[in-house]
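Report on the structure given below.
Atoms within each ligand, like the ligands themselves, are counted from 1 in listed order. The figures here come from the full heavy-atom set of this structure, side chains too, leaving out hydrogens, waters and symmetry mates.
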Amino acid sequence: MHGSGHIYVRVSCVFMRIARVWREFLLSPFFLRMVQFFSRFFLAFILSFSSKRHAPKGSGYCASVRTMTRVRGLRNSKILIGTKKKSKTNAYSLETTSKRTLERKREREGEKRKSGARKGEQEAQRERAITTTTTVFSSALIRPRGCGGGGGGGASYSSKSRSEKTTGGHSGRRKQRRPRAKSGAAEERYSELDDAKMAAKSLSRGAFILFEGVDRCGKTTQASKLVDSLNQSGITSELWRYPDRTTTIGKMIDDYLQCKADSDDASMHLLFAANRWEKKKLMEEKLKAGVTLVVDRYGYSGVAFTTAKRLPGLDQQWCKHSETGLVKPDCLMYMEISEEAAKKRGGFGEERYETTEMQKNVREVFADLREDWWNVVDADRTIEEVEKDVQKIAKEAVERCKKGTELQHFKPGW
Ligand code: FDM
Ligand code: MG
């Protein structure tokens, strides 16, 4: 009995000690703060689920709900609950003292305001653009000729004359600007037709007119006659010849043709092509600047003369390769002459390819190269007769290019 009584005493002592520690813990300020913290947190948590509709905008209630809603999503937010404010509507307001949260909130609100303003601005711009476009294109009115100043501009709008009218003609920048459409003022409107003409005008350029054929076919005569007549009729044109014997490459070619120097056939073919490549940029610039180029021989001669040598490896395909990427002519006049008519025009000169056999082979290759779009001109006739045809074909090409077409280039394999 004595033993069991001792055990009871010891157990009760342990319990008493635990109860004392527990009491101390419950009465400790730490525990009280914990209780306070969690009860307020719980209250705010419940409030965050209740409808915001019941509380007036801007009230503490709304703020606390919003804060708590966000708090639920914020892991490291530090919340101190100790202020229980009563708002006008008796709603509870919870104050978060997390500076970062408040800062972020302000930042976000600032951004929202900014993007809102930007959106508003964009919207206004878009509306303005739509209004302008509708005003311009829905209008069937074509600006009366008289108000645009007439002149070389023709039907296309003349921003120069208009801006000169309005600004006194002293603003260079404004001259290039597109005129603004003002509703109600017929003079300030331009039509869709004008726009199309403007677009075409930007592609307006000179024509690349090419003469090809065997020796003695009269292409040099016709080419120079054409240039003269085009220039006389106000079409700026130049006569170009290939090979261009004036360049360094051209001089090497000249030596070869005059049998002053000998060289490998493949490298000679490439030299002839290089002679065209070295002038490609200039050719494009001239054409884009509106100059019509009348060219005596080009890549077709290059392919025809090298292929005519009938050398292994130097076939048509190989010969065409070096021409790929060069400017393609807009108009090709192939001067077709019979062997008899060519013979009547006098003997060949001293140059390398001026032999009957070579010319016969060249003629065959040209026949093989011929495409549907070529203009085959009967060169057996008199100079005047041929000239008539040549001029008609050339003027058509000039007109076509003046209206506006993009420059063409030789594609791989052509
Ligand atoms: N020729 C011309 C070529 O062999 N390859 C070319 O690429 C070119 C443009 O050079 F017998 C030849 C053709 C001709 C010679 O021409 C010079 P002209 O038009 O006869 O001067
Ligand atoms: Mg010749």
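- Ranking the protein heavy atoms by distance from atom 15 (C) of ligand 1 puts Leu257 CD1, 3.7 Å first.
- Asp215 contributes atom OD1 as its closest N/O/S atom to the Mg ion (ligand 2).
- At the shortest separation from atom 7 (O) of ligand 1 among protein heavy atoms lies Arg276 NH1, 2.9 Å.
- Rounding to the nearest 0.5 Å places CZ of Phe305 at 13.0 Å from CE of Met268.
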>> Checking Glu351 against Arg245 for the salt bridge (charged side-chain N to carboxylate O under 4.0 Å, His left out) test, could you report, in this order, the C-alpha distance in whole Å, the side-chain angles of both residues, the deciding distance, and whether it holds?
In response: CA-CA 14 Å; Glu351 291 210 327; Arg245 305 186 195 216; 2.8 Å; yes

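- How far CZ of Phe272 is from OG of Ser267: 11.0 Å, rounded to the nearest 0.5 Å.
- Counting only heavy atoms of the protein, atom 4 (O) of ligand 1 lies nearest to Tyr353 CE1, 3.1 Å.
- Using a non-hydrogen distance threshold of 4.0 Å, Glu354 does not register as a contact of ligand 1.
- The distance from ligand 1 to the heavy atoms of Tyr242 drops below 4.0 Å at these ligand atoms: 9 (C).
- Annotation: Arg245 places an N or O atom under 3.5 Å from an N or O atom of ligand 1; distance criterion only.
- Only side-chain heavy atoms of Arg241 come within less than 4.0 Å of ligand 1; its backbone N, CA, C and O stay farther off.
- Tested against Asp215, the residues Arg363, Arg297, Arg345 include a single salt bridge (charged side-chain N to carboxylate O under 4.0 Å, His left out) partner, Arg297.
- Note that OG1 of Thr306 is 11.0 Å distant from CD of Gln316, once rounded to the nearest 0.5 Å.
- Remark: Asn375 CG to Ile393 CD1 distance equals 4.0 Å, nearest 0.5 Å.
- Only side-chain heavy atoms of Asp215 come within less than 4.0 Å of ligand 1; its backbone N, CA, C and O stay farther off.
- The single protein non-hydrogen atom nearest to atom 6 (C) of ligand 1 is Phe272 CD2, 3.2 Å, given as residue, atom name and distance.
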>> Is there a salt bridge (charged side-chain N to carboxylate O under 4.0 Å, His left out) between Glu285 and Lys281? Walk through the geometry before answering.
In response: CA-CA 6 Å; Glu285 281 168 6; Lys281 201 168 162 252; 3.6 Å; yes

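- For the pair Glu212 and ligand 1, no heavy-atom separation below 4.0 Å is found.
- Polar contact with ligand 1: present for Arg297 (N/O pair, distance under 3.5 Å).
- Between Lys328 and Tyr298, the side chains place no donor N or O within less than 3.5 Å of an acceptor N or O (distance only, hydrogens not considered).
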